[in-house]
Student: 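Below are the structure tokens for one structure; questions will follow.
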Amino acid sequence: MSQKKIAIVDDNYDYGMYIKKITDECFEHPKITVFERSEEILKSEEKYDMTFLDIDIDGKDGIELSKKILDRTDYIVYVSSQLHRVTDA
């Protein structure tokens, strides 16, 4: 099995590290990149197998951000600590 490339985009460091920990346990030796700002993933030219994306990232709409990175990720998993936003995705 090839190494999975996974992006985590979350402006809350603790949440991002929690998602990283879980992802490390689910895949064998994944290559994980954690972005704490939306601009960081926009600047990245890397293609990812999966992206965990905060719905509300540094004051911006993560759902809108996802439209800008769709061509660089196979799957997007939306994450949010705001229950009322979960159905927006």
Side-chain angles (χ1 to χ4, degrees):
M1 180 189 288
S2 65
Q3 183 183 39
K4 297 293 182 192
K5 290 192 273 187
I6 298 170
I8 299 170
V9 188
D10 200 314
D11 56 351
N12 183 305
Y13 177 82
D14 292 333
Y15 290 150
M17 290 299 102
Y18 181 70
I19 295 167
K20 182 180 185 304
K21 179 182 180 291
I22 292 171
T23 305
D24 270 329
E25 295 171 1
C26 292
F27 296 98
E28 188 174 333
H29 309 292
K31 179 183 177 192
I32 301 173
T33 305
V34 179
F35 299 99
E36 290 186 64
R37 305 208 33 91
S38 57
E39 292 83 15
E40 294 172 349
I41 195 162
L42 290 173
K43 290 179 184 176
S44 172
E45 296 180 9
E46 193 78 38
K47 178 155 174 43
Y48 298 97
D49 296 299
M50 182 179 293
T51 299
F52 289 89
L53 180 59
D54 187 359
I55 289 179
D56 186 23
I57 177 81
D58 52 77
K60 297 180 178 75
D61 189 335
I63 297 169
E64 288 300 314
L65 174 62
S66 72
K67 295 173 185 175
K68 297 176 182 177
I69 63 169
L70 274 175
D71 61 333
R72 291 183 277 139
T73 189
D74 292 334
Y75 299 97
I76 294 177
V77 178
Y78 294 103
V79 296
S80 181
S81 62
Q82 300 177 30
L83 188 56
H84 68 280
R85 292 291 320 265
V86 173
T87 57
D88 292 348

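Because the structure is a prediction, the values reported are computed rather than measured.
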Student: Between CZ of Arg37 and CG of Leu42, what distance do you get to the nearest 0.5 Å?
Tutor: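 It comes to 11.0 Å.
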Student: Between CG of Leu65 and CG of Leu70, what distance do you get to the nearest 0.5 Å?
Tutor: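 Those atoms lie 9.5 Å apart.
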Student: Distance-only, no hydrogens or angles: does the Ser44 side chain make a donor-acceptor pair with backbone N or O of Glu46 under 3.5 Å?
Tutor: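 Yes.
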Student: Decide side chain to side chain contact (heavy atoms under 4.5 Å, CB included) for Tyr48 and Thr33; before the verdict, give the C-alpha distance in whole Å, the side-chain angles of both, and the deciding distance to 0.1 Å.
Tutor: CA-CA 9 Å; Tyr48 298 97; Thr33 305; 4.0 Å; yes
Student: Should Asp54 and Asn12 be marked as a side chain to side chain contact (heavy atoms under 4.5 Å, CB included) after you check the CA-CA gap, both sets of side-chain angles, and the distance that decides it?
Tutor: CA-CA 9 Å; Asp54 187 359; Asn12 183 305; 5.7 Å; no
Student: Got a donor-acceptor contact below 3.5 angstrom from the Asp49 side chain to the Lys5 backbone?
Tutor: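 Yes, the answer is positive, given that a donor and an acceptor are paired below the 3.5 Å cut-off.
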Student: For Asp58, which residues count as a side chain to side chain donor-acceptor pair (under 3.5 Å) partner, sequence neighbours excluded?
Tutor: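 Only Ser38, Lys60 meet the side chain to side chain donor-acceptor pair (under 3.5 Å) criterion with Asp58.
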Student: What's the separation between atom NZ in Lys20 and atom CD1 in Ile22, rounded to the nearest 0.5 Å?
Tutor: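 Interatomic distance, Lys20 NZ to Ile22 CD1, rounded to 0.5 Å: 12.5 Å.
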Student: Dump the intermediate steps for side chain to side chain contact (heavy atoms under 4.5 Å, CB included) on Phe27 and Ile6, then the final yes or no.
Tutor: CA-CA 10 Å; Phe27 296 98; Ile6 298 170; 3.6 Å; yes
Student: Do other residues, nucleotides or ligands put more than 12 heavy atoms under 6.0 Å from Lys47 NZ?
Tutor: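 Enclosed.
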Student: For a quick test of reading the model, state the closest non-hydrogen atom pair linking Pro30 to Asp24 and the distance between them.
Tutor: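 Minimum heavy-atom separation between Pro30 and Asp24: CG-OD1, 3.6 Å.
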Student: So, the side chain of Ser66 versus the backbone of Ile63: is there a donor-acceptor pair under 3.5 Å, distance only?
Tutor: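 Judged by distance alone, yes, a pair lies under 3.5 Å.
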Student: Is the shortest distance from a Lys or Arg side-chain nitrogen in Glu64 or Lys67 to a carboxylate oxygen in the other one below 4.0 Å?
Tutor: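 So Glu64 pairs with Lys67 through a salt bridge.
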Student: Are Phe52 and Thr23 side-chain neighbours, meaning at least one heavy-atom pair lies under 4.5 Å?
Tutor: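 Yes, side chains in contact.
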Student: If you measure from NZ on Lys21 to CD1 on Ile32, what distance do you get to the nearest 0.5 Å?
Tutor: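 CD1 of Ile32 is found 12.0 Å from NZ of Lys21.
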Student: Just how far is it from atom OG1 of Thr51 to atom OH of Tyr75, taken to the nearest 0.5 Å?
Tutor: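 Answer for the OG1-OH pair, Thr51 versus Tyr75, is 12.5 Å.
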